[in-house]
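Data block below; observations after.
Atoms within a ligand are numbered from 1 in the order they appear, just like the ligands themselves. The structure displayed is predicted, hence computed values, not measured ones. All heavy atoms count here, side chains included; hydrogens, waters and symmetry mates do not.
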Amino acid sequence: MYGLINKAVEGLIRSKFGDEVWHRIRSRAGVPDEPFITSQPYDDAVTYGLVAAASEETGIPVDDLCEAYGRYWNSVYTEEAGYGPLLHGAGRTLPELLRNLNHLHTRVKISYSQLNPPGFTVTDETPRSLNLHYYSDRPGIAPLLTGLLKGLGDHFSLVIDVTRTRVETPAPHDVFHLTWKPREQAPSS
Ligand code: HEM
């Protein structure tokens, strides 16, 4: 995956566990002590290795780390890395953004020509729910999407409930069933 993604993994680990733990994880994963280059494609093994090493160092299961990464990506990193406008431009509402995810990644591909993005389709839409179908070549990272979707709840001020099911047709993929409601405003004193 692109350095952009590995940088966000590093950012998450440093912010949650500190610099020393980051260096232990990096070294356990055999990653050199050099900054990731945002626009350089890295072997997926680098990202998988970092997440596995982070799980071993912290005792947090890989699925939970993937979900935390998804939340971090949307709620913190997208803005910091300057991708806020791209995200805002892709949809003014949650369903609009989800219907535009393929288009959003096609736009990312203009800058990152070797991008291998997942594919998405939206079905069964109602005013408060939908199914998001997720097609990816990368095994084991579906919990990342759960975190990304919950992070979008922060972005749109919604409480989003997500359940995931594996289906085998028309091709094996994960289906995320989403329901949402507006976040309650804290009463003003
Ligand atoms: C402006 C915002 C975004 C940018 C710049 C972006 C960029 C990227 C990049 C660079 C990758 C790595 C792919 C590769 O290196 O081959 C990726 C993967 C991914 N993106 Fe996005 N993305 C954005 C928003 C989103 C959103 C909002 C979602 C879903 C809610 C999403 C879902 C995913 C998933 C699940 C992957 C994992 C790759 C896989 O399954 O193969 N992205 N994205």
Side-chain angles (χ1 to χ4, degrees), residues 1-12 36-51 62-123 125 129-167 171-180:
M1 293 211 231
Y2 271 95
L4 173 69
I5 301 293
N6 294 327
K7 257 185 194 258
V9 174
E10 177 179 348
L12 170 71
F36 290 110
I37 299 164
T38 307
S39 58
Q40 181 181 309
Y42 291 79
D43 198 304
D44 278 6
V46 174
T47 320
Y48 278 94
L50 281 174
V51 175
V62 166
D63 282 8
D64 293 359
L65 285 172
C66 282
E67 189 171 328
Y69 174 84
R71 284 199 88 122
Y72 176 78
W73 169 260
N74 261 336
S75 55
V76 184
Y77 194 77
T78 307
E79 299 291 338
E80 269 181 24
Y83 289 100
L86 182 58
L87 194 66
H88 292 282
R92 281 165 303 150
T93 63
L94 176 69
E96 190 183 340
L97 174 60
L98 297 179
R99 278 187 249 110
N100 276 333
L101 282 177
N102 292 338
H103 183 60
L104 184 155
H105 285 98
T106 302
R107 298 214 32 202
V108 175
K109 204 165 179 164
I110 295 170
S111 322
Y112 299 104
S113 60
Q114 294 179 54
L115 196 77
N116 174 21
F120 299 96
T121 51
V122 171
T123 63
E125 216 179 315
S129 69
L130 57 73
N131 285 338
L132 179 68
H133 298 253
Y134 165 58
Y135 296 85
S136 170
D137 294 341
R138 298 186 169 104
I141 60 169
L144 163 80
L145 186 51
T146 303
L148 279 166
L149 294 168
K150 289 187 178 165
L152 287 178
D154 301 335
H155 183 72
F156 289 110
S157 296
L158 297 171
V159 181
I160 303 180
D161 189 56
V162 183
T163 52
R164 174 164 59 96
T165 322
R166 184 80 183 163
V167 298
H173 69 284
D174 288 288
V175 183
F176 290 75
H177 178 66
L178 275 78
T179 53
W180 60 88

Is the backbone N or O of [Y] less than 3.5 Å from a side-chain atom of [X], with the two atoms forming a donor-acceptor pair by type?
X      : Y      : answer
Tyr69  : Pro143 : no
Tyr42  : Ile37  : yes
Asn100 : Ala90  : yes
Glu80  : Val76  : no

Under 4.0 Å between heavy atoms, the region of Tyr134 that gets near ligand 1 turns out to be side chain
Distance to 0.1 Å, residue and atom name: give those for the protein heavy atom nearest to [atom].
atom                    : value
atom 15 (O) of ligand 1 : Tyr2 N, 3.0 Å
atom 13 (C) of ligand 1 : Leu115 CD1, 3.5 Å
atom 29 (C) of ligand 1 : Leu145 CD1, 3.7 Å
atom 14 (C) of ligand 1 : Arg138 NH2, 3.5 Å
atom 12 (C) of ligand 1 : Ile5 CG1, 3.6 Å

Under 4.0 Å from one or more heavy atoms of Met1, ligand 1 contributes atoms 12 (C), 15 (O)
Rounded to the nearest 0.5 Å, what's the gap from [atom1] on [X] to [atom2] on [Y]? Could you check?
X      : Y      : atom1 : atom2 : answer
Leu98  : Thr121 : CG    : OG1   : 11.0 Å
Glu10  : Phe36  : CD    : CZ    : 6.0 Å
Asp43  : Asn6   : CG    : CG    : 10.0 Å
His155 : Leu148 : NE2   : CG    : 12.5 Å

Kindly indicate whether the side chain of Leu97, heavy atoms from C-beta on, has any atom under 4.5 Å from the side chain of Leu87. yes
Please report whether the ring centroid of His173 lies less than 6.0 Å from that of Tyr135. yes
- Ring centroid separation for Phe120 and Tyr134, is it under 6.0 angstrom? yes
Any N or O of [X] closer than 3.5 Å to N or O of ligand 1:
X      : answer
Asn116 : yes
Thr78  : no
Ser136 : yes
Asn74  : no
Tyr83  : no

Counting only protein N, O or S atoms and ignoring waters, those under 2.8 Å from atom 21 (Fe) of ligand 1 are His105 NE2
For Leu144, state whether at least one heavy atom is located under 4.0 Å from any atom of ligand 1. yes
Item to check | Ring geometry between Tyr112 and Tyr83 (parallel below 30°, tilted from 30 to 60°, perpendicular above 60°) | outcome: tilted
